[in-house]
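Here is the structure we will look at, set down as C-alpha cells.
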Amino acid sequence: MSTAELGLPAVPAKGYPQDVKERLDQDADAVIARYPVKRSALLPLLHLVQSEEGFVSGDGIKYCADKLDLTTAEVSGVATFYSMYKRRQVGDYHVGVCTNTLCAVLGGDEIFATLKEHLGVENDQRTEVSAGVPEAQGKSLTLEHIECNAACDFAPVMTVNWELFDNMTPEKAKQLVDDLLAGREVVASRGPAVCSFRETERILAGFEDRREDAVHGGTIAPESIVGLRVAQARGESA
Amino acid sequence: MTLKLAPVLSRAWDEQDSYTLEGYRRREGYTAIRKALTEMTPDEVIGEVKESGLRGRGGGGFPTGVKWSFIPQGDGKPHYFVVNADESEPGTCKDIPTMLANPHELIEGIVIGSYAIRSHQAFIYVRGEVTHVARRLLAAVREAYAAGFLGKDILGSGFDLDLTVHVGAGAYICGEETALLDSLEGRRGQPRNRPPFPAVEGLYASPTVVNNVESVASVPSILRNGKDWFRTFGSEKSPGFGFFSLSGHVTRPGQYEAGLGVTLRELLDLAGGIRHGHRLKFWTPGGSSTPLFTDEHLDVPLDFENVASAGSILGTRALQVFDETTCVVRAALRWTEFYAHESCGKCTPCREGTYWLVQAYRRLEAGQGDEAELEKLLDICDNINGRAFCALGDGAVSPIVSSIKYFRDEYLEHLRQGGCPFDPSRTTVWAPALTGAY
C-alpha cells in the first residue's frame with residue numbers, strides 16, 4: 001500500500017525536470033497574465049499540470065506553488081477541495097455517469113451498475129489495460145459516478161472527458177466504453193470527437209482546442225429548441 | 001389564456017452558426033452595446049435595467065439593476081463584473097445550452113454591465129465539467145476581441161474591458177456567489193461572511209457584481225427593445241421571460257422560454273404531458289433546493305411571488321418531473337447524498353448535519369427503525385435550516401421536509417414493509433419496452 005493510500009504525506013516532491021518545466025512555463029505564464037492577482041491562476045494551473053500527467057502529482061503541486069509563490073500545503077488544500085483534480089492517475093478517458101436523482105431515476109443507476117460489471121471496476125477506479133474488454137488497444141479509462149451535469153433534459157446523461165453524452169441506455173453505454181477502449185473515434189452528442197483526458201485538461205486550463213474545427217463540433221439538439229419549435233409553429237415571437 | 005412562448009435568448013438556436021459572431025450579428029447582435037456605450041451614460045444603463053424589473057435568473061431573484069446600483073462610484077478601487085456560470089443545481093440545465101448556442105449574447109451583456117458599473121475587468125466563472133462550453137466561450141471571446149467589442153476603446157467610446165474565461169474544477173458550492181469569489185481568487189470555494197457584501201468587498205476586496213448567465217444575457221434584449229417591452233412579459237413583480245427547463249417523466253423534455261407566471265399544466269400541454277400511461281407525482285419548481293410540489297400545484301403561476309405563496313421557491317425554473325413509479329424516499333435520499341458530498345465543510349450544522357441525514361436516510365430507505373427515525377430526520381433538518389453559513393444547508397433540507405409533508409405515508413410504508421415498496425426498473429426511460437405494460 002502506498003503512502004498516498006495510507007493518507008500519509010509523500011516524500012517532498014523533487015519537481016519536474018527542467019525541460020518539462022520550461023515547456024509548461026510558456027502556458028503557465030499565459031495563464032497568470034490573465035489575472036490582476038496571480039493566485040487566481042491556481043485553478044487553471046492545476047488543470048494544466050493535470051494535462052501534463054493525467055492527475056495532480058506532488059511534482060505538479062510543487063510546480064504550481066513555485067509559480068505562484070504559495071506553499072505546497074496551500075496548493076494541496078485547494079487541489080483536494082475540487083472533485084475534478086485527481087490524486088491518482090486517470091486513464092486515457094474519464095467516463096462519468098450521472099447518478100444524481102433525476103438521472104438515477106431515469107436509468108443512471110442501472111447504467112452505472114452495468115458499466116461497473118462490464119468493466120470490472122468500482123467507482124473512481126481505472127480499468128487495467130486490456131482487462132475485461134478483450135479488444136482494448138492499450139487504452140484505459142476511469143469510471144466515476146458524477147453529480148448533476150446540467151443536462152437534465154437529456155437524462156440519463158454520461159460524460160467522457162466532460163463532453164456530454166445524452167439520452168444514454170445501458171447498451172449504448174457499453175458500446176461507448178468498448179469503443180473508447182478499442183481506440184475507435186467517439187463523438188459527443190453535442191460536441192466534437194473526444195480527445196484524450198490530458199488534452200481536455202489543457203482546454204480546461206483556458207486554452208483553445210488544438211484542433212481548429214473542434215469548436216464547431218455538434219449540432220443543436222431537439223431538446224434545446226423544443227420550445228422554439230412550438231413558438232415557430234404557432235407564429236409566436238418575442 | 002393560452003400560454004405565449006417568448007423565444008428571446010433562444011430565438012436563433014436552430015441556426016447552424018448561432019454561436020458564432022457572424023450568426024449573432026445577423027440577429028441584431030452587438031447593437032445594444034453600441035446604444036449603451038455611445039448614447040447612454042452608465043447611470044442611464046443602470047436605470048434602464050432597474051426599471052425593466054429584471055430579477056436575477058440564477059435562483060435568488062434579486063433585481064439586477066439594483067445590484068448594479070450598489071457598486072460605490074468614485075471610490076478609487078477597481079470594480080469587477082463576474083458572471084456566475086457554475087450551473088450545478090440539480091435539475092438546472094439552461095445556462096449550459098445558452099452558452100453553447102449563444103455565447104455572444106452573454107458577452108454583449110457583460111460589456112454593457114461592466115460599462116454600467118465602471119468595471120474594466122470581467123470574468124466568466126464556468127463550471128469545469130463542460131468541455132465544449134469552455135471551447136465555445138474561449139472562441140467567442142477571441143472573436144469579440146478581434147471585432148473590437150472587447151479590449152481597448154470599445155467602439156470608439158473610450159471604454160476598455162478585458163474578459164477572462166475562468167474554468168472551475170468541480171464544486172457545487174462555487175455557485176454560491178461568495179464561494180465563487182474565493183474560488184476565483186485561487187482558494188477553496190467556501191462562502192464568506194456577509195456583510196461586507198460583494199458590492200462593497202467582493203473579488204480582491206473590491207466592489208464586485210456577480211450575476212447569473214441568463215440574467216446577463218437578458219440585458220442586450222432589454223436595451224434593444226426597451227424596458228416597457230420587457231414588462232409585456234411576466235407579471236408586475238416578476239417581469240420578463242425566462243427558461244423553463246422540463247426534465248424527467250415528460251413526453252418532450254427540454255427548454256421552453258416563456259413569460260414568468262406560466263404554470264406546469266400549461267407547460268405540460270406543450271411538452272406532450274407526463275410520459276404515456278403515467279401520472280404526475282411530484283416535481284421541483286426550481287431545482288432540488290426548492291421544496292417539492294405535487295399535482296396539487298399544477299396551476300401555481302411560476303413567478304417569484306406565487307411560488308413562494310405556495311410554499312416553495314421559483315429558483316432556476318428547473319422543473320424535474322417524476323411520475324407515480326418513483327419512490328420519493330429514494331429521490332430525496334439521493335439529493336441528500338448530493339448535499340452531503342457538496343457541503344464545503346466550513347460550518348458545523350451543514351457539515352455534520354448532512355452527514356447524519358444520509359446515515360438516517362439510508363436506514364429509513366432500507367425500512368429499518370420505526371417512526372421515531374422520521375422525527376429524527378426532521379429534527380436534524382431543524383438544526384440545519386436557517387443555521388447554516390449559506391443557503392446550501394437550507395437547500396439540503398428542502399426535499400426532505402417537503403417530501404415528508406406530502407408523502408409521510410410512503411415513508412411509513414418503507415418501515416412497514418422493511419424495505420422500498422417500489423420497483424426501480426419501472427422508472428427508467430426504457431421501462432416501457434422492458435415491461436410491455438403500455
Side-chain angles (χ1 to χ4, degrees), chain A residues 34-37 39-44 46-47 77-78 81-85 100-102 104-107 109-110 146-153 155-156 159 161-164 169 188 190-191 200 203-204 206 208-209 214-215 218-220 222-228 230-231 236-238, chain B residues 4-8 10 13-14 87-88 90-93 96-97 100-101 121 128-132 134-136 138-139 164-165 167-172 184-189 204 241 245-248 252-257 270 288 320 322 326 331 334-335 338 341 424 427-430:
Chain A
R34 294 176 200 148
Y35 299 94
V37 174
R39 182 166 177 159
S40 281
L42 182 52
L43 266 64
L46 284 163
H47 280 304
V78 172
F81 183 84
Y82 296 94
S83 57
M84 289 175 76
Y85 300 131
N100 200 297
T101 298
L102 189 111
V105 164
L106 266 68
D109 277 355
E110 203 172 312
I146 59 172
E147 298 298 356
C148 185
N149 221 71
C152 316
D153 42 345
T159 57
N161 297 342
W162 309 112
E163 313 272 9
L164 295 164
T169 65
R190 289 175 279 158
T200 302
I203 298 168
L204 300 182
E208 290 199 61
D209 199 312
V215 69
T219 50
I220 196 82
E223 286 86 340
S224 298
I225 51 171
V226 64
L228 177 64
V230 174
E236 292 173 355
S237 63
Chain B
K4 192 169 177 297
L5 289 165
V8 178
S10 61
W13 288 9
D14 58 339
E87 182 167 66
S88 316
T92 308
C93 51
I96 295 303
L100 279 176
Q121 173 70 58
E129 301 98 324
V130 278
T131 309
H132 204 41
R135 271 192 205 96
R136 288 271 165 97
L138 290 166
T164 299
V165 176
V167 183
Y172 166 68
L184 184 50
E185 289 183 1
R187 299 169 195 281
R188 297 163 77 92
Y204 314 130
F241 45 82
S245 311
L246 261 71
S247 61
R252 282 187 297 280
Q255 307 299 325
Y256 296 82
E257 199 178 6
L270 297 182
S288 61
Q320 305 176 87
F322 298 89
T326 314
R334 192 59 61 87
W335 279 319
F338 164 75
H341 181 255
T427 65
T428 64
V429 287
W430 49 85

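Per chain, numbering begins at 1; letters A, B, ... match sequence-line order. All heavy atoms count here, side chains included; hydrogens, waters and symmetry mates do not.
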Applying a strict 4.5 Å limit to non-hydrogen atoms, the region of Ile96(B) in contact with chain A is side chain
Can you tell which of Ser237(A), Ala151(A), Gly77(A) has the highest number of heavy-atom pairs within less than 4.5 Å of chain B?
Gly77(A)
Can you tell me if Ser224(A) uses its side chain to pair, donor with acceptor, with the backbone of Pro97(B) under 3.5 Å?
no
With side-chain contact (heavy atoms from CB on, under 4.5 Å) as the criterion, how do Tyr82(A) and Leu46(A) come out once you've worked through the C-alpha distance, each side chain's angles and the decisive distance to 0.1 Å?
CA-CA 10 Å; Tyr82(A) 296 94; Leu46(A) 284 163; 6.0 Å; no
Using a cut-off of under 4.5 Å for heavy-atom pairs, which of Thr131(B), Thr427(B), Val130(B) has the most such pairs with chain A?
Thr131(B)
With a 4.5 angstrom heavy-atom cut-off, is it the side chain or the backbone of Ala231(A) that approaches chain B, or both, or neither?
both
Treating Arg34(A) as the side-chain partner and Ser40(A) as the backbone partner, does any N or O pair qualify as donor plus acceptor under 3.5 Å?
no
Of the backbone (N, CA, C, O) and the side chain (C-beta and beyond), which part of Phe338(B) lies under 4.5 Å from a heavy atom of chain A, both, or neither?
both
Sort out for me which of Leu100(B), Thr326(B), Thr92(B), Leu246(B) touches chain A most, counting heavy-atom pairs under 4.5 Å.
Thr92(B)
Between Phe241(B) and chain A, with a heavy-atom cut-off of 4.5 Å, which part of the residue counts as in contact: side chain, backbone, both or neither?
neither
Counting heavy-atom pairs under 4.5 Å with chain B, which one of Ala155(A), Ala41(A), Gly206(A) comes out on top?
Gly206(A)
Is there a side-chain contact between Thr428(B) and Val105(A) (heavy atoms, below 4.5 Å)?
no
Note: vs chain B, highest number of non-hydrogen pairs under 4.5 angstrom among Val37(A), Thr159(A), Val230(A) is Val37(A)
So does Glu223(A) pair up with Arg190(A), basic N to acidic O under 4.0 Å?
no
Flag the one option from Gln255(B), Arg187(B), Arg188(B), Glu257(B) with the top tally of heavy-atom pairs under 4.5 Å to chain A.
Arg188(B)
With side-chain contact (heavy atoms from CB on, under 4.5 Å) as the test, would you mind laying out the steps for Met84(A) and His47(A) before giving the verdict?
CA-CA 9 Å; Met84(A) 289 175 76; His47(A) 280 304; 4.1 Å; yes
Assert top hit (heavy-atom pairs under 4.5 Å, partner chain A, pool Arg136(B), Gln121(B), Gln320(B)) equals Arg136(B)
To the nearest 0.5 Å, atom CG of Leu184(B) lies from atom CG of Leu42(A) at 11.5 Å
Per-residue tally against chain B (heavy atom, under 4.5 Å) across Thr200(A), Ile203(A), Asn149(A), Ile220(A) peaks at Asn149(A)
If you tally heavy-atom pairs under 4.5 Å against chain A, which of Gly254(B), Ala331(B), Gly186(B) wins?
Gly186(B)
Check whether any side-chain heavy atom of Glu163(A) lies under 4.5 Å from a side-chain heavy atom of Arg135(B), and answer yes or no.
yes
Check step by step if side chain to side chain donor-acceptor pair (under 3.5 Å) holds for Asn100(A) and Glu147(A).
CA-CA 5 Å; Asn100(A) 200 297; Glu147(A) 298 298 356; 3.1 Å; yes
Checking heavy atoms, do the side chain of Ala104(A), its backbone, both or neither come under 4.5 Å from chain B?
both
Which one wins on heavy-atom pair count under 4.5 Å against chain B: Gly227(A), Gly218(A), Pro222(A)?
Gly227(A)
Evaluation steps, ring-ring contact (aromatic ring centres under 6.0 Å, His included), between His341(B) and Tyr172(B):
CA-CA 9 Å; His341(B) 181 255; Tyr172(B) 166 68; over 10 Å; no
Proximity breakdown for Asn161(A) and chain B, heavy-atom pairs closer than 4.5 Å
backbone
Contacting moiety of Thr169(A), where chain B heavy atoms sit under 4.5 Å
both
Polar side-chain atom of Ser247(B) near backbone of Leu102(A) as donor-acceptor pair, under 3.5 Å:
no
Go through the structure and list residues passing side-chain contact (heavy atoms from CB on, under 4.5 Å) with Pro253(B), not counting sequence neighbours.
Asp153(A), Val250(B)
At a 4.5 Å cut-off on heavy atoms, which part of Ser245(B) comes close to chain A: side chain, backbone, both, or neither?
neither
Has the side chain of Tyr35(A) got a donor or acceptor atom that lies under 3.5 Å from a matching backbone atom of Thr164(B)?
no
Quick one: what part of Ala214(A) sits under 4.5 Å from any heavy atom of chain B, side chain, backbone, both or neither?
both
Who wins among Ala134(B), Pro90(B), Ala6(B) for the most heavy-atom pairs under 4.5 Å with chain A?
Pro90(B)
Cut-off 4.5 Å, heavy atoms of chain B, and the answer for Pro156(A) is side chain
Count the heavy-atom pairs under 4.5 Å between each of Val226(A), Val78(A), Leu164(A) and chain B, then report the option with the highest count.
Val226(A)
